[in-house]
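So the structure is just underneath, and the comments pick up after that.
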Amino acid sequence: QVQLVESGGGLVQAGGSLRLSCAASGRTLSSYGMGWFRQAPGKEREFVAAISWRGRSTLYADSVKGRFTISRENAKNTVYLQMNSLKPEDTAVYYCAVDLGRGLTVTTTPGSYDYWGQGTQVTVSS
């Protein structure tokens, strides 16, 4: 069993920054891909970013490319999402997830991820 706990969300003005963290327990995740997703009210959950097990491969949604950076610290079993130049449309609950089926490659498909955190709210005011 894997537990993922997100933190770092909050209220920020447009143009500001936040850094989300996702700490894992129950299993060492250094061999697996990790991803961040988000869900705004009334919308489907959407892919944000993903990172391979060593961090050599990353993937971003077009909407966040150039503004968000995903990284990981395997020694701490933690993955991060640095979010800069935030926009009101980034407002959502952000979830991290682990893909136990792959490590070298990454995927944008939510169904490929095996465990999810409870989410952390990010609100960007205009």
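Considering all non-hydrogen atoms of both residues, Leu20 and Tyr94 come closest at CD1-CB, 3.6 Å. Closest of all the heavy-atom pairs between Val106 and Ser57 is CG1-O, 4.0 Å.
With hydrogens and angles ignored, the 3.5 Å screen pairs a side-chain donor or acceptor of Thr78 with a backbone N or O of Lys76. Under a 3.5 Å cut-off, the side chain of Arg38 and the backbone N or O of Ala92 do not form any donor-acceptor pair. A donor-acceptor contact shorter than 3.5 Å is absent between the side chain of Glu73 and the backbone of Asn77.
In this structure, CG in Leu29 is found 5.0 Å from CE in Met34, a value given to the nearest 0.5 Å.
For Ser112 and Asp99, the side-chain atoms include no donor-acceptor pair closer than 3.5 Å. A donor atom on one side chain and an acceptor atom on the other are not found under 3.5 Å apart for Tyr115 and Arg27. Using modelled atom types and a 3.5 Å distance limit, the side chains of Gln121 and Thr123 yield a donor-acceptor pair.
Taking the ring centre of Tyr80 as origin, the terminal cationic atom of Arg72 falls outside the region bounded by 6.0 Å and 45° from the ring axis.
Screening residues 2-11 for salt bridge (charged side-chain N to carboxylate O under 4.0 Å, His left out) gives no qualifying pairs among residues at least two apart or on separate chains.
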From CA spacing to verdict: side chain to side chain contact (heavy atoms under 4.5 Å, CB included), Phe68, Asn84
CA-CA 6 Å; Phe68 291 11; Asn84 298 328; over 6 Å; no
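With respect to the salt-bridge test (charged N to carboxylate O, under 4.0 angstrom), the residues Asp62 and Lys65 qualify.
Between Tyr113 and Phe37, the distance separating the two ring centers is shorter than 6.0 angstrom.
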